[in-house]
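The next block holds one structure in the form of structure tokens; read it before the comments.
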Amino acid sequence: MKFELRLSLIYCVLATLWIILSDAVLAAIPIPALVNTVQTYKGGLFVIVTSLLLYALLRWEGTIQRRSEQTVQRREESFRHLFQNNPLPMWVYNLDTLAFLDVNEAAIDQYGYSRDEFLAMRITDIRPEEDIPRLLESATRNRTPLQHSGLWRHRYKDGRMVDVEIVSHRLDYAGHDAVLVVAQNVTDRVKAQAALRQTNETLQAVFNAAPLAIFRFDEQGLIRMCNPAAERMFGWSQAELVGRFPPFVPAERSEQFLELIRGVLAGEPLAGFETQRQRKDGSRIDVSIYAAPIRDTNGTAQEVISVTADITERKQMQANLLEQERLRLALNKEIELRNLRNRFMSMVSHEFRNPLAIIASSSGLIERYYERMSADARRDHFVTIQAQIKHLAEMLDEILTLLHSESLSPEFKRAPLNLAELCNQLVADTRLQVQDTRQIEYSVSAPEITLEGDSKLLHHAIGNLLSNAVKYSPPQSRIRVELTQTDDQIMLAVQDEGIGVPEENRKLLFEPFYRGDNVGDIPGTGLGLAITQQAVDLHGGRVEVESEIGQGSTFRLYLPAAPAAI
Ligand code: ADP
């Protein structure tokens with residue numbers, strides 16, 4: 001029941017009760033003259049009480065009305081505040097005339113028109129010409145109270161065109177049928193979306209046109225997506241591939257494939273991983289795979305994108321090239337060997353011819369003039385013949401050693417060997433040979449200097465250096481032999497105070513049969529250093545010579561402590 005009706009009814013009941021009860025009290029008064037007086041006071045009291053009540057009611061109502069007026073005013077103020085200070089551009093326009101009725105600060109700020117300019121315009125004035133028919137249709141169409149009108153284009157005063165998203169609300173504005181509009185500038189978003197669309201289209205075009213097979217795999221290795229090149233490369237259609245475990249991974253490589261997927265997801269991208277795949281027709285192809293993880297917005301790797309290149313032809317070509325190169329090297333080696341052999345043979349025959357000529361001449365002389373020749377002359381010729389035979393025998397020995405070490409090279413075998421002991425032995429032998437005419441000093445950095453090597457070859461190599469030092473230095477001079485070992489290298493130096501090697505001879509000293517210009521009558525074959533060089537080469541070492549004419553020479557032999565593989 002309404003408040004006013006309830007109040008009236010209460011008043012009616014109370015007033016009626018007052019009349020009935022006060023009249024009953026009057027009827028009980030025994031003095032008639034007093035009745036009239038009380039009657040008058042009763043009426044007066046009634047008027048006073050009802051007047052007071054009426055006054056209280058009117059005051060109360062006035063207060064309520066004032067309060068509601070204040071509330072309305074406050075609401076209006078906060079609406080204006082919200083409207084004026086809203087960071088989004090807002091305005092109100094007349095739905096009949098499309099003229100702006102009000103506009104907020106953000107709109108003035110962004111669009112560049114002053115408030116007065118806005119209020120003198122229609123909403124069509126901030127649109128590009130071509131959008132106006134659509135705008136008119138949208139404005140006059142049946143409107144819902146709240147309307148999301150979507151994406152529009154607005155033009156600022158300076159001519160700039162922006163994309164805006166419009167939300168509007170129909171309202172009564174100072175008696176006008178009006179619409180409140182909120183326009184949010186979404187140009188950046190629209191541009192970003194357009195750029196994203198373009199990127200997507202580009203990627204899609206690349207995906208479709210790429211000559212390489214591109215796949216997207218999920219965590220289980222199932223194919224999520226593949227491109228036309230993948231169909232061509234492996235022979236299955238996209239429909240046959242998508243959603244399946246890749247049928248082109250050979251059974252024996254499926255575990256490896258899953259490991260690769262797990263590895264890429266864990267942050268180990270693949271770059272040129274080479275493996276084999278099989279085609280639908282069963283044939284095998286060599287492939288090179290590049291793969292990287294695809295991460296979601298949280299940065300978690302969810303899928304793998306892989307690019308696969310068919311490298312079967314390249315592999316085949318590489319194999320062919322390798323084979324060609326191997327053949328070419330073998331042929332070159334063969335040619336080189338043949339040349340070497342020829343050169344060697346011509347050198348040998350040349351070197352043999354001299355002593356043989358001497359032997360022939362001496363023996364011829366003996367034969368022809370035996371009777372007439374004195375015994376001394378005959379002996380001289382025999383001595384010459386024997387010396388030449390000795391020389392030939394030595395030469396043969398050294399040639400055989402050289403040939404032996406050359407033929408050893410392919411299957412050169414090593415055994416642990418104490419070089420300190422070997423040198424000690426060689427120095428002792430040499431001392432014995434020279435019989436106190438020479439002082440031979442020997443120093444070694446450790447009692448054991450071991451390496452893996454061929455003792456026979458090293459014996460020849462070091463023995464040659466020692467015998468040369470003796471041979472090419474005067475009696476009573478000093479010879480120093482020094483053997484040292486550093487971390488990874490062994491060094492043997494043989495130093496003499498002999499004739500030295502002329503500078504112009506030093507380069508060719510290690511060539512077979514080559515002898516220095518200053519050797520004079522000192523006998524020799526020119527093969528010793530060639531043998532030394534050969535032996536040291538086989539052990540992965542090197543020989544160096546330092547010399548000064550008339551002062552002496554130092555031959556240094558370097559060997560790796562752990563010899564390099566041959
Ligand atoms: P050979 O000593 O039989 O002539 P090698 O091959 O041992 O042959 O030496 C080649 C040449 O090197 C020698 O003829 C000599 O000219 C030179 N040569 C080698 N060792 C020495 C040395 N210690 N002092 C001077 N010259 C040397």
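Order of appearance sets the numbers: ligands from 1, and atoms from 1 within every ligand.
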(request) Take Asp281 and Ser283 through the test side-chain hydrogen bond (donor to acceptor under 3.5 Å, both in side chains) and record every step on the way to the result. (result) CA-CA 6 Å; Asp281 61 15; Ser283 58; 2.6 Å; yes
(request) Return yes or no for this condition: an N or O of Glu398 is under 3.5 Å from an N or O of ligand 1. (result) no
(message) Below 3.5 Å, N or O to N or O, backbone or side chain included: is there any such pair between Val501 and ligand 1?
(response) no
(request) Classify the side-chain pair Ser237/Glu240 by whether it contains a donor and acceptor separated by less than 3.5 Å. (result) yes
(request) Specify the protein heavy atom at minimum distance from atom 21 (C) of ligand 1: its residue, its atom name, and the distance to 0.1 Å. (result) Tyr472 CD1, 3.4 Å
(message) As a quick check of understanding, evaluate side-chain contact (heavy atoms from CB on, under 4.5 Å) for His459 and Lys456, giving each step before the final call.
(response) CA-CA 5 Å; His459 191 280; Lys456 228 172 166 183; 5.5 Å; no
(message) Need the ligand 1 atom indices (1-based, order shown) with element for anything under 4.0 Å from a heavy-atom of Ser553.
(response) 24 (N), 25 (C)
(message) For atom 4 (O) of ligand 1, what's the nearest protein heavy-atom neighbour? Residue, atom name and distance, please.
(response) Arg515 NE, 2.5 Å
(message) Regarding ligand 1, does Ala530 bring an N or O atom to under 3.5 Å of one of the ligand's N or O atoms?
(response) no
(message) Can you confirm, on distance only, whether ligand 1 has an N/O atom lying under 3.5 Å from any N/O atom belonging to Asp496?
(response) yes
(request) Take Ser288 and Arg314, measure what side-chain hydrogen bond (donor to acceptor under 3.5 Å, both in side chains) needs, and give me the verdict at the end. (result) CA-CA 11 Å; Ser288 170; Arg314 197 183 83 196; 5.4 Å; no
(request) Find all atoms of ligand 1 within a distance of less than 4.0 Å from any non-hydrogen atom belonging to Val519, and give their numbers and elements. (result) 14 (O), 15 (C), 16 (O)
(request) Could you list which atoms of ligand 1 come closer than 4.0 Å to a heavy atom of Leu527? (result) 6 (O), 8 (O)
(request) Please confirm whether Phe555 comes within less than 3.5 Å of ligand 1 when only nitrogen or oxygen atoms on both sides are compared. (result) no
(request) Between Tyr514 and ligand 1, find which residue part has any heavy-atom pair under 4.0 Å and reply side chain, backbone, both or neither. (result) backbone
(request) Can you figure out which of Leu465, Leu529, Val545 has its heavy atom closest to atom 9 (O) of ligand 1? (result) Leu529
(request) Might you confirm whether atom CD of Glu252 has over 12 heavy atoms from other residues, nucleotides or ligands at distances under 6.0 Å? (result) yes
